[in-house]
Amino acid sequence: MIEFKNVSKTYDNNVNALMNVDISIDRGEFVFLVGPSGAGKSTFIKMLIKEIDPTKGEIIINGTNITNVKKKEVPYYRRKIGMVFQDFRLIQNLNVYENVAFAMRVVEASEKEIRRRVPTVLALVGLSDKYKMFPNELSGGEQQRVSLARAMVNNPSLLIADEPTGNLDPETAMEIMNILDDINKAGTTILMATHAKDIVDTMKKRVIAIEKGSIARDEKRGRYGYEN
């Protein structure tokens, strides 16, 4: 599913963000990406969504070497990946249904398919009764559920979550994690970057820890291992 082969990234200011990273993530895994601020987690994710390219090495996603993907092909590549962010990134003048449907319209899905699929994913995240509401009428947890529905509506094989619980209270955060766990059990590979020690320690999933641009730990059922 995901393979980093001797990947390094040096920025123009000579900062070595990642150094000689070799890692493999199998289809269907749930993996936490942890480490101190500035360790290289954001660089790792940005390379996965081809926002930036490695200075050296190869990144293989679903058998495709994405380091060879041309700039004009990047939007099509990203359609295969679901993304969830800390700040939700919802379109404020669209209601819940339309926010999720928007992701399908971007990939030119038919209106018939949109009418079939959107209610399904809203039910998955527990928002069937709030499909007409706008983002400013929702709680933070509900907005993140919309974000999750939008990320899943096109059936991506990979879901990348970047601090998805960072703006949520502990109880709501665990509700989001339970949804992510259900999505993973249905077959979607999940990579989640987080500073949430309690969540990582509770979930007992694979943990990849990055320190100073290198893989410091890779544990099948790991713990967070850092002081917040």
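Minimum heavy-atom separation, S157 to R27: CB-NH1, 3.9 Å.
The neighbour count for E111 CD, taken as heavy atoms of other residues, nucleotides or ligands under 6.0 Å away, is above 12. Within 6.0 Å of CG on D12 lie no more than 12 heavy atoms contributed by other residues, nucleotides or ligands. Annotation for R206: atom CZ counts as buried by contact number, over 12 foreign heavy atoms lying within 6.0 Å.
For residues 101-128, the set of pairs meeting the ring pair (Phe, Tyr, Trp, His ring centres under 6.0 Å) definition, not counting sequence neighbours, is empty. Residue pairs satisfying the ring pair (Phe, Tyr, Trp, His ring centres under 6.0 Å) criterion with at least one member in residues 112-137, sequence neighbours excluded, are absent.
N184 places a side-chain N or O within donor-acceptor distance of the main-chain N or O of E29, the cut-off being under 3.5 Å.
Checking S110 against E113 by side-chain atom types alone, no donor-acceptor pair falls below 3.5 Å. Under the 3.5 Å distance criterion, with hydrogens and angles disregarded, a donor-acceptor pair is assigned to the side chains of N20 and K56. Side chain to side chain, N155 and R117 meet the donor-acceptor criterion of an N or O pair below 3.5 Å.
Under the 4.0 Å criterion applied to side-chain N and carboxylate O atoms, R145 and E175 are assigned as salt-bridge partners. Using a 4.0 Å cut-off between a side-chain N of Lys or Arg and a carboxylate O of Asp or Glu, E98 and R105 qualify as a salt bridge.
A cation-pi arrangement, defined by a distance under 6.0 Å to the six-membered ring centre and an angle within 45 degrees of its axis, is present between K9 and Y11.
Each of I160, L158, I66 was checked for a side-chain contact (heavy atoms from CB on, under 4.5 Å) with I49, and the lone residue meeting it is I160. Exactly one residue among M177, M203, K205 makes a side-chain contact (heavy atoms from CB on, under 4.5 Å) with M192. That residue is M177.
Checked against the 6.0 Å centroid threshold, F32 and Y224 do not count as a close aromatic pair.
Side-chain atoms of V7 and I59, non-hydrogen and from C-beta on, do get closer than 4.5 Å to each other.
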